[in-house]
J.: 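Have a look at this one.
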Amino acid sequence: MKTNFERMIKQAEALIETDRYYVPVLANISALIWETLDRINWAGFYIVRNGRLVLGPFQGKVACIHIEKGRGVCGTAWEKDEPVLVPDVHKFPGHIACDSASRSEIVIPIHSRGRVAAVLDIDSPEEGRFLQEDLEGLCGLTKLLEDSMEWKLASCTSDCKVLE
Ligand code: SME
């Protein structure tokens, strides 16, 4: 089924309007992705904290809590500061398997004040599940988060006493 990204982004806008704090926003956005996209088995966020990624709000099976920069698909997307679309995770060197059912994955960096503050990560049990149109639709969603979410206290690159 073709995903209606336009409708999903409108729903996301309504959710963000209520409270822009990152905890409820990312929790509800992960649930919205979970409800909207078919053939997925994990959808959620990793947040930059103390120089590595830490697990944020998500839907799906329990997942690894910390990911170092440059490791796995998430750490690679963060290091390169660009979206990474993996049609077959078995062919991605260093892929971190949180759920052995995962076959394809898409990760998109999310910025705050010009730096990567988090990544959106979605897994699918189907090989080649994510297409260019998914990347474009999801980038619309991450752009909305970048523009309208309250990131304060959500992320920091070295010392969490220094607030963004
Ligand atoms: N597969 C990811 C790790 C996170 S789980 O998919 C939820 C990676 O290689 O970075």
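Every number for a ligand or one of its atoms is a count from 1 in the order of the listing.
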J.: Taking Arg20 for the side chain and Ser148 for the main chain, is one N or O donor matched with an acceptor at less than 3.5 Å?
T.: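 Yes: the side chain of Arg20 pairs with the backbone of Ser148.
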
J.: Might you work through the side chain to side chain donor-acceptor pair (under 3.5 Å) test for His90 and Glu127, ending with a clear yes or no?
T.: CA-CA 10 Å; His90 295 159; Glu127 191 178 328; over 6 Å; no

J.: Examine distances only and state if a side-chain atom of Asp134 and a backbone atom of Leu131 form a donor-acceptor pair shorter than 3.5 Å.
T.: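 Pair found, side chain donor or acceptor close to backbone of Leu131.
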
J.: Under the side-chain hydrogen bond (donor to acceptor under 3.5 Å, both in side chains) definition, can you give me all pairs with a residue in residues 32-42, not counting sequence neighbours?
T.: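 Found Asp38-Arg129, Arg39-Glu126, Asn41-Asp99, Asn41-Ser102.
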
J.: Restricting to side chain to side chain contact (heavy atoms under 4.5 Å, CB included), what partner residues turn up for Glu79, sequence neighbours left out?
T.: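 So Glu79 forms a side chain to side chain contact (heavy atoms under 4.5 Å, CB included) with Lys69.
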
J.: Please tabulate, one line per pair, the protein nitrogen or oxygen atoms found under 3.5 angstrom from a nitrogen or oxygen of ligand 1, with distances to 0.1 Å, or say none if there are no such pairs.
T.:
unit_1, atom_1, unit_2, atom_2, d
ligand 1, 1 (N), His95, NE2, 3.3
ligand 1, 1 (N), Ile96, O, 2.7
ligand 1, 1 (N), Glu105, OE1, 3.0
ligand 1, 1 (N), Glu105, OE2, 3.1
ligand 1, 6 (O), Asp121, OD2, 3.3
ligand 1, 6 (O), Asp123, OD2, 2.7
ligand 1, 9 (O), Val73, N, 2.9
ligand 1, 9 (O), Ile96, N, 2.9
ligand 1, 10 (O), Val73, N, 3.0
ligand 1, 10 (O), Cys74, N, 2.8

J.: My understanding is that only residues two or more places apart in sequence, or in another chain, count here; which of them pass salt bridge (charged side-chain N to carboxylate O under 4.0 Å, His left out) with Asp81?
T.: none

